[in-house]
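For ligands, and for the atoms within them, numbers begin at 1 and follow the listed sequence. When reading the values below, keep in mind they use all heavy atoms of this one structure, side chains included, and skip hydrogens, waters and symmetry mates.
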Amino acid sequence: MNSLYLNLIKPNLDNDKNFLFEDDGSSITYKDFIALASKVSHKLTNLGLNTGDIISVKSPKSKEALSVYLTSILTGTVYLPLNSSYTINETIYFIKDARPSFFICEENDIDELKPICDEINCKILSLNKDGSGKLTESINTYSNYFEPIERNLNDLAALLYTSGTTGKPKGAMLSQENLVSNSKALCDLWEISNKDQLIHSLPIYHTHGLFVAINTSMIAGASIRFIKGFNLDLIIEAIPNSTVLMGVPTFYTRLLKDKRLTKSLASNMRLFISGSAPLLEETHNQFENITGHKILERYGMTETNMNASNPLKGERRAGSVGKALKGTSIRITSIGKNNLSEINEPGMIEIKGPNVFTGYLNKSEKTKEAFTDDDYFITGDMGYFDKEGYLFISGRNKDLIISGGYNLYPKEIEDIINQFDGIIESAVFGLSDDDLGEIPTAAIVANENNFNLDDLKKFIQENLARYKVPKKYFLISELPRNVMGKVQKNILKDQYS
Ligand code: MLC
Ligand code: AMP
């Protein structure tokens, strides 16, 4: 029955309304966008794409890149989006782990990635940021209708990589049911409708910009102002003609620094939504003072889609991520005690529901460790409920930095630093930052005779996507450790804040 098709595509097959409004002033209707995805579906199936295969896209944000998501739905395949700024080495890891059948990337990545794709029999096609490339070449020779492939609710629809608490990134397997049930719950709660125009300035390779933003808009038949990357001027320009903005807290702190943000600018807006990282109460309050709008904060994860949200109607509490979504069960378990926490007592946030992923690709042990015996997913986030059932996130029981809504895994960055000549040991931790919430920072112990910081920075940039590169470095004589020998990052944080 292909539930994603029935909810996102079928109702819009003949919809002449504009779906995307682009930066160059052009637009594309729902009908034409679905026709584009249908043509791509014909092209890829002619090249050998089969039901259940994985298609991976690492191209920058464009309507053509987004159309491949719809192609995956039409062809009953599994969509694997990747950050277009990953280095070649990072990308090779994903290709080898997921073994996609098709890999789509910019022309200038092809030479280095083709040999890796050849090894696993994966076809590689180019798609550049302007929409040109082998994927779209001669696309108009194909039919604009593609008969959708049948899929069951528990069939896989997408694979999104996340590192969870430790180790190398793992592919979170998301089923049709995970995606559809969650998008419908959000549409209902936020009353997204075909009268809405969403400002979309997020990347389309994460659950936020892809499933929360695109799925809800398509289900409702809403329009999208599709901005390629974060652009404050374009967001401000779009606000008077739009109704909804979805962003990470950095969007709101940056808007607040801009004098053009006023009550009258935002008078047509219905809803400002924030998620992916903690929104400070101060930001919430300042935003309300200036625009009259209370930002609606919600809480999610790659593995679980969205879990909790403040209400559209009713009280939106600053500092809280709201209440559990309909159909989702959230509980707080006391750390080390294995019983449920009292009201206002912080513990581990655990989640169960149709939104929760089916497991990590080829990692049954890691999957088992991630769930309790009664099938609750252990988030690694700490929090508590107040007596009205509002959830507050109070911390994280995982070594993770959230910078501008991106998750950074200190261990991955430390592993790269430690490979460099002259490094004895290192610790990567987050320091508070007005703009990005937290920024990655490295404390380094090095052999002074044999070490050059500039060369280290170059080495890190060659190996890690730019957003993971530490923004500050401290050369120290030894790392603070506790009696067990564990590095005490809290001491480093306090010392360098
Ligand atoms: C960019 N840079 C970052 C960064 N974003 N560094 C650390 N953290 C970030 N978030 C680096 C770039 O690599 C570059 O480095 C320099 O900063 C300038 O880059 P930019 O592209 O000009 O940055 P900008 O466009 O200003 O982007 C900042 C941002 C963006 C906050 C708008 O990061 C963003 O869109 N974040 C959203 C991430 C997101 O979608 N998260 C959802 C995850 S899903 P250099 O060295 O080249 O100068 C999830 C679940 C849920 O968490 O609940 O939603
Ligand atoms: P990811 O694994 O990239 O999907 O990131 C998910 C993590 O982002 C969660 O486990 C939380 O730690 C964090 N997160 C998401 N939304 C919020 C929020 N509203 N407030 C605080 N943290 C959040």
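- Counting non-hydrogen atoms of neighbouring residues, nucleotides and ligands closer than 6.0 angstrom, the NZ atom of K257 exceeds 12 such neighbours.
- With 3.5 Å as the limit, one finds a donor-acceptor pair spanning the side chains of S334 and N339.
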May I have the list of side-chain donor-acceptor pairs in residues 369-377 shorter than 3.5 Å, sequence neighbours left out?
| unit_1 | atom_1 | unit_2 | atom_2 | d |
| --- | --- | --- | --- | --- |
| T372 | OG1 | D374 | N | 3.4 |
| T372 | OG1 | D374 | OD1 | 2.6 |
| T372 | OG1 | D375 | N | 3.4 |
| T372 | OG1 | Y376 | N | 2.9 |
| D374 | OD1 | R331 | NH2 | 3.0 |
| D374 | OD2 | R331 | NH1 | 2.8 |
| Y376 | OH | S329 | OG | 2.8 |

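- Checking N89 against T87 by side-chain atom types alone, no donor-acceptor pair falls below 3.5 Å.
- No side-chain N or O of Y161 forms a donor-acceptor pair with one of N83 less than 3.5 Å apart.
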Check your understanding: Going through the checks in order, is the side chain to side chain contact (heavy atoms under 4.5 Å, CB included) test met by N178 and N355?
Key -> CA-CA 4 Å; N178 294 154; N355 52 316; 5.8 Å; no
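- A search for side chain to side chain contact (heavy atoms under 4.5 Å, CB included) contacts involving S364 returns nothing, not counting sequence neighbours.
- When heavy-atom distances to ligand 2 are checked against 4.0 Å, the residues falling inside are T162, S276, A277, P278, E297, R298, Y299, G300, M301, T302, V321, D381, I393, R396, K398, I402, N407, ordered by chain and number.
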**Study point:** Step-by-step side chain to side chain contact (heavy atoms under 4.5 Å, CB included) determination, F211 to N182
**Key:** CA-CA 9 Å; F211 302 137; N182 202 243; over 6 Å; no
Considering only N or O atoms, set out every pair between ligand 1 and the protein closer than 3.5 Å, with distances to one decimal place.
| unit_1 | atom_1 | unit_2 | atom_2 | d |
| --- | --- | --- | --- | --- |
| ligand 1 | 6 (N) | K471 | NZ | 2.8 |
| ligand 1 | 8 (N) | S403 | O | 3.4 |
| ligand 1 | 8 (N) | S403 | OG | 2.7 |
| ligand 1 | 10 (N) | S403 | O | 2.7 |
| ligand 1 | 13 (O) | Y467 | N | 3.3 |
| ligand 1 | 26 (O) | R254 | NH1 | 2.7 |
| ligand 1 | 26 (O) | R254 | NH2 | 3.3 |
| ligand 1 | 36 (N) | G404 | O | 2.9 |
| ligand 1 | 41 (N) | G405 | O | 2.9 |
| ligand 1 | 46 (O) | R466 | NE | 3.0 |
| ligand 1 | 46 (O) | R466 | NH2 | 3.3 |
| ligand 1 | 47 (O) | R466 | NE | 3.1 |
| ligand 1 | 47 (O) | R466 | NH2 | 3.4 |
| ligand 1 | 53 (O) | R298 | NH1 | 2.7 |
| ligand 1 | 53 (O) | G300 | N | 3.4 |
| ligand 1 | 53 (O) | G300 | O | 3.3 |
| ligand 1 | 54 (O) | S276 | OG | 2.6 |
| ligand 1 | 54 (O) | R298 | NH1 | 3.3 |
| ligand 1 | 54 (O) | R298 | NH2 | 2.8 |

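- Annotation: side chain of L436 is in contact with side chain of K471 (closest heavy-atom distance under 4.5 Å).
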